[in-house]
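Reading through the C-alpha coordinates given below for one structure.
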Amino acid sequence: MEQLAPAAFLILFALASGDKHGYAIMQEARKLSDSGVQIGPATLYTTIQRLLESDRIREVPGPEGGDTRRRYYRLTSAGKAALNSEIARMEALVKKSKGLRLRPAEGS
Amino acid sequence: MKGLLQFSTWMYRKLLFVYPEDLRREFGSEIVLAFAADLEESGLLRVWRCALRELVTVALPGQAGNPFFLSPALAFLGTALTESALVLVGIHQLPHLSGAEIVSMWLAALSVSSLDACVALVVTCFYSRCSINVLRLD
(Lines give C-alpha, C1' and ligand atoms only; values in the text may rest on other atoms or scores of the structure.)
Protein backbone atom coordinates (compact mmCIF):
# COMPACT_ATOMS: atom_id res chain seq x y z
CA MET A 1 0.00 0.00 0.00
CA GLU A 2 1.30 3.46 -0.90
CA GLN A 3 2.67 5.67 1.84
CA LEU A 4 0.32 8.39 3.09
CA ALA A 5 1.29 12.06 3.07
CA PRO A 6 1.44 13.57 6.59
CA ALA A 7 -1.75 15.61 6.03
CA ALA A 8 -3.68 12.58 4.73
CA PHE A 9 -2.46 10.47 7.65
CA LEU A 10 -3.57 13.08 10.20
CA ILE A 11 -6.98 13.52 8.55
CA LEU A 12 -7.61 9.76 8.58
CA PHE A 13 -6.37 9.62 12.18
CA ALA A 14 -8.68 12.49 13.16
CA LEU A 15 -11.64 10.69 11.59
CA ALA A 16 -10.84 7.44 13.40
CA SER A 17 -12.54 8.84 16.51
CA GLY A 18 -15.80 9.63 14.66
CA ASP A 19 -17.44 11.69 11.93
CA LYS A 20 -16.28 15.28 11.71
CA HIS A 21 -16.61 18.36 9.51
CA GLY A 22 -13.58 19.98 7.90
CA TYR A 23 -12.73 22.51 10.58
CA ALA A 24 -13.13 19.91 13.38
CA ILE A 25 -10.73 17.65 11.44
CA MET A 26 -8.26 20.55 11.23
CA GLN A 27 -8.45 21.15 15.01
CA GLU A 28 -8.10 17.43 15.81
CA ALA A 29 -5.15 17.06 13.40
CA ARG A 30 -3.43 19.99 15.11
CA LYS A 31 -3.94 18.36 18.52
CA LEU A 32 -2.71 14.98 17.28
CA SER A 33 0.48 16.42 15.82
CA ASP A 34 1.03 18.65 18.84
CA SER A 35 0.84 21.62 16.39
CA GLY A 36 3.85 20.12 14.60
CA VAL A 37 2.09 19.81 11.25
CA GLN A 38 0.31 22.96 10.09
CA ILE A 39 -2.75 22.04 8.12
CA GLY A 40 -4.38 25.14 6.68
CA PRO A 41 -7.83 25.25 5.02
CA ALA A 42 -6.49 24.76 1.46
CA THR A 43 -4.27 21.81 2.41
CA LEU A 44 -7.17 20.32 4.37
CA TYR A 45 -9.70 20.43 1.55
CA THR A 46 -7.20 19.47 -1.16
CA THR A 47 -6.40 16.37 0.88
CA ILE A 48 -10.09 15.70 1.65
CA GLN A 49 -10.77 15.89 -2.11
CA ARG A 50 -8.05 13.29 -2.81
CA LEU A 51 -9.25 11.02 0.02
CA LEU A 52 -12.83 11.20 -1.30
CA GLU A 53 -11.61 10.32 -4.80
CA SER A 54 -9.66 7.33 -3.48
CA ASP A 55 -12.70 6.21 -1.39
CA ARG A 56 -10.76 6.42 1.87
CA ILE A 57 -13.37 8.74 3.33
CA ARG A 58 -16.97 9.48 2.39
CA GLU A 59 -19.43 12.25 2.99
CA VAL A 60 -22.18 11.54 5.54
CA PRO A 61 -25.18 13.55 6.76
CA GLY A 62 -24.41 15.83 9.68
CA PRO A 63 -25.88 15.34 13.16
CA GLU A 64 -29.31 16.74 14.08
CA GLY A 65 -28.99 20.47 14.69
CA GLY A 66 -25.45 20.53 13.29
CA ASP A 67 -24.05 23.32 11.12
CA THR A 68 -25.74 22.89 7.75
CA ARG A 69 -23.05 24.94 5.98
CA ARG A 70 -20.50 22.23 6.72
CA ARG A 71 -20.21 18.72 5.32
CA TYR A 72 -19.30 15.79 7.53
CA TYR A 73 -16.88 13.01 6.63
CA ARG A 74 -16.45 9.39 7.73
CA LEU A 75 -13.59 6.93 7.47
CA THR A 76 -14.31 4.03 5.08
CA SER A 77 -12.92 0.50 5.38
CA ALA A 78 -10.31 1.40 2.73
CA GLY A 79 -9.38 4.44 4.84
CA LYS A 80 -9.05 2.30 7.98
CA ALA A 81 -6.83 -0.15 6.09
CA ALA A 82 -4.61 2.70 4.83
CA LEU A 83 -4.39 4.17 8.34
CA ASN A 84 -3.51 0.80 9.90
CA SER A 85 -0.93 0.12 7.22
CA GLU A 86 0.71 3.50 7.86
CA ILE A 87 0.74 2.95 11.62
CA ALA A 88 2.32 -0.49 11.09
CA ARG A 89 4.97 1.10 8.85
CA MET A 90 5.74 3.68 11.52
CA GLU A 91 5.92 1.02 14.24
CA ALA A 92 8.37 -0.97 12.13
CA LEU A 93 10.52 2.14 11.70
CA VAL A 94 10.50 2.86 15.44
CA LYS A 95 11.46 -0.78 16.09
CA LYS A 96 14.37 -0.50 13.67
CA SER A 97 15.51 2.80 15.21
CA LYS A 98 15.53 1.16 18.66
CA GLY A 99 17.73 -1.60 17.26
CA LEU A 100 20.18 1.01 16.02
CA ARG A 101 20.24 2.69 19.45
CA LEU A 102 19.81 6.12 17.86
CA ARG A 103 18.68 7.65 21.12
CA PRO A 104 19.88 7.09 24.69
CA ALA A 105 17.95 4.47 26.64
CA GLU A 106 15.64 5.74 29.37
CA GLY A 107 17.38 6.24 32.72
CA SER A 108 20.90 6.41 31.26
CA MET B 1 -10.80 43.92 15.65
CA LYS B 2 -13.95 42.29 14.29
CA GLY B 3 -13.73 44.55 11.23
CA LEU B 4 -10.15 43.43 10.62
CA LEU B 5 -11.16 39.77 10.80
CA GLN B 6 -14.02 40.38 8.37
CA PHE B 7 -11.67 42.21 6.00
CA SER B 8 -9.17 39.34 6.27
CA THR B 9 -11.87 36.82 5.41
CA TRP B 10 -12.96 38.96 2.45
CA MET B 11 -9.35 39.17 1.24
CA TYR B 12 -8.92 35.41 1.56
CA ARG B 13 -12.14 34.79 -0.37
CA LYS B 14 -10.77 36.94 -3.20
CA LEU B 15 -7.43 35.14 -3.02
CA LEU B 16 -9.15 31.80 -3.62
CA PHE B 17 -9.24 32.51 -7.37
CA VAL B 18 -5.63 31.34 -7.59
CA TYR B 19 -6.63 27.84 -6.44
CA PRO B 20 -7.70 25.17 -8.95
CA GLU B 21 -11.26 25.66 -10.15
CA ASP B 22 -12.53 22.20 -9.15
CA LEU B 23 -11.36 22.75 -5.56
CA ARG B 24 -13.00 26.20 -5.44
CA ARG B 25 -16.26 24.94 -6.92
CA GLU B 26 -16.51 21.93 -4.62
CA PHE B 27 -15.10 23.30 -1.35
CA GLY B 28 -14.74 27.09 -1.77
CA SER B 29 -17.35 28.11 0.79
CA GLU B 30 -16.10 25.57 3.35
CA ILE B 31 -12.49 26.68 2.87
CA VAL B 32 -13.54 30.25 3.68
CA LEU B 33 -15.59 29.04 6.68
CA ALA B 34 -12.58 27.14 8.04
CA PHE B 35 -10.33 30.16 7.45
CA ALA B 36 -12.73 32.49 9.33
CA ALA B 37 -13.07 30.05 12.24
CA ASP B 38 -9.30 29.62 12.40
CA LEU B 39 -8.80 33.40 12.39
CA GLU B 40 -10.84 33.70 15.57
CA GLU B 41 -9.06 30.80 17.23
CA SER B 42 -5.43 31.11 16.12
CA GLY B 43 -5.04 34.82 15.39
CA LEU B 44 -4.39 36.92 12.34
CA LEU B 45 -0.64 36.48 11.98
CA ARG B 46 -0.50 32.71 12.28
CA VAL B 47 -3.42 32.10 9.94
CA TRP B 48 -2.12 34.46 7.25
CA ARG B 49 1.37 32.95 7.46
CA CYS B 50 -0.19 29.56 6.84
CA ALA B 51 -2.41 30.93 4.03
CA LEU B 52 0.56 32.48 2.24
CA ARG B 53 2.55 29.27 2.57
CA GLU B 54 -0.39 27.38 1.06
CA LEU B 55 -0.37 29.72 -1.93
CA VAL B 56 3.05 28.32 -2.81
CA THR B 57 2.55 24.72 -1.70
CA VAL B 58 -1.07 24.14 -2.82
CA ALA B 59 -2.26 26.83 -5.24
CA LEU B 60 0.75 27.05 -7.57
CA PRO B 61 1.28 23.28 -8.02
CA GLY B 62 -2.48 22.95 -8.53
CA GLN B 63 -2.32 25.42 -11.41
CA ALA B 64 0.79 23.88 -12.98
CA GLY B 65 -1.16 22.64 -16.00
CA ASN B 66 -3.11 25.85 -16.50
CA PRO B 67 -1.26 28.12 -18.97
CA PHE B 68 -3.70 30.98 -18.39
CA PHE B 69 -2.49 31.17 -14.80
CA LEU B 70 1.06 29.93 -15.13
CA SER B 71 2.35 32.22 -17.90
CA PRO B 72 1.15 35.50 -16.30
CA ALA B 73 2.39 34.31 -12.90
CA LEU B 74 5.85 33.46 -14.26
CA ALA B 75 5.99 36.73 -16.23
CA PHE B 76 5.03 38.69 -13.11
CA LEU B 77 7.54 36.85 -10.95
CA GLY B 78 10.40 37.17 -13.43
CA THR B 79 9.86 40.88 -14.01
CA ALA B 80 9.26 41.57 -10.31
CA LEU B 81 12.58 39.91 -9.42
CA THR B 82 14.52 41.83 -12.09
CA GLU B 83 12.84 45.14 -11.25
CA SER B 84 13.36 44.60 -7.50
CA ALA B 85 17.07 44.04 -8.10
CA LEU B 86 17.21 47.28 -10.12
CA VAL B 87 15.35 49.22 -7.42
CA LEU B 88 17.68 47.87 -4.73
CA VAL B 89 20.74 48.85 -6.79
CA GLY B 90 19.20 52.29 -7.31
CA ILE B 91 18.60 52.76 -3.58
CA HIS B 92 22.16 51.65 -2.86
CA GLN B 93 23.68 53.96 -5.50
CA LEU B 94 21.56 56.98 -4.60
CA PRO B 95 21.46 57.21 -0.80
CA HIS B 96 19.95 60.71 -0.85
CA LEU B 97 16.61 59.46 -2.25
CA SER B 98 13.55 60.52 -0.25
CA GLY B 99 10.98 58.06 1.09
CA ALA B 100 8.41 59.19 -1.50
CA GLU B 101 10.89 58.58 -4.32
CA ILE B 102 11.66 55.08 -3.05
CA VAL B 103 7.94 54.28 -2.79
CA SER B 104 7.39 55.53 -6.35
CA MET B 105 10.26 53.33 -7.57
CA TRP B 106 8.64 50.27 -6.00
CA LEU B 107 5.25 51.23 -7.44
CA ALA B 108 6.83 51.59 -10.88
CA ALA B 109 8.42 48.13 -10.50
CA LEU B 110 5.04 46.70 -9.49
CA SER B 111 3.31 48.38 -12.45
CA VAL B 112 5.84 47.05 -14.95
CA SER B 113 5.51 43.53 -13.47
CA SER B 114 1.70 43.71 -13.66
CA LEU B 115 1.88 44.97 -17.24
CA ASP B 116 4.15 42.06 -18.14
CA ALA B 117 1.68 39.63 -16.58
CA CYS B 118 -1.15 41.18 -18.65
CA VAL B 119 0.89 40.92 -21.85
CA ALA B 120 1.69 37.27 -21.05
CA LEU B 121 -2.02 36.57 -20.50
CA VAL B 122 -2.99 38.22 -23.80
CA VAL B 123 -0.27 36.30 -25.69
CA THR B 124 -1.37 33.00 -24.06
CA CYS B 125 -5.01 33.70 -25.00
CA PHE B 126 -3.98 34.54 -28.57
CA TYR B 127 -1.89 31.40 -29.04
CA SER B 128 -4.49 29.16 -27.42
CA ARG B 129 -6.82 30.11 -30.32
CA CYS B 130 -4.24 29.20 -32.96
CA SER B 131 -4.55 25.68 -34.28
CA ILE B 132 -1.39 23.65 -34.51
CA ASN B 133 -0.62 22.59 -38.07
CA VAL B 134 0.94 19.19 -38.31
CA LEU B 135 3.00 18.48 -41.39
CA ARG B 136 2.11 15.17 -42.95
CA LEU B 137 5.03 13.65 -44.79
CA ASP B 138 3.23 10.74 -46.38
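Per chain, numbering begins at 1; letters A, B, ... match sequence-line order.
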More than 12 heavy atoms from other groups under 6.0 Å of CZ on B/F68: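 Yes, enclosed.
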
Greater than 12 external heavy atoms within 6.0 Å of B/L45's CG: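 At most 12 heavy atoms, drawn from other residues, nucleotides or ligands, come within 6.0 Å of this atom.
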
Considering all heavy atoms, the nearest [X]-[Y] contact:
X     : Y     : answer
B/Y12 : A/P41 : OH-CB, 4.0 Å
B/A37 : A/Y23 : O-OH, 3.4 Å
B/E54 : A/I39 : OE2-C, 4.5 Å

Co-membership, hydrophobic cluster, residues [X] and [Y], 4.5 Å side-chain:
X      : Y     : answer
B/V58  : B/W48 : yes
B/V18  : B/M11 : yes
B/F27  : B/L33 : no
B/L115 : B/L70 : no

Supply the atom-to-atom distance [X] [atom1] to [Y] [atom2], rounded to the nearest 0.5 angstrom.
X     : Y     : atom1 : atom2 : answer
A/T46 : B/Y19 : OG1   : OH    : 7.5 Å
A/L44 : B/I31 : CG    : CD1   : 8.0 Å
B/D22 : A/Q49 : CG    : CD    : 4.5 Å

Within-4.5 Å side-chain heavy-atom neighbours: B/E26 and A/I48: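 Counting from C-beta outward, B/E26 and A/I48 never come under 4.5 Å.
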
Flag side-chain contact, heavy atom, 4.5 Å: B/R46 against A/Q38: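 With C-beta onward as the side chain, the pair touches.
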
Residues of residues 68-84 of chain A within contact distance of chain B, non-hydrogen under 4.5 Å: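 Residues in range: A/R69, A/R70, A/R71, A/Y73.
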
Structural part of A/L52 lying under 4.5 Å from a heavy atom of chain B: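 A/L52 touches chain B through side-chain heavy atoms alone.
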
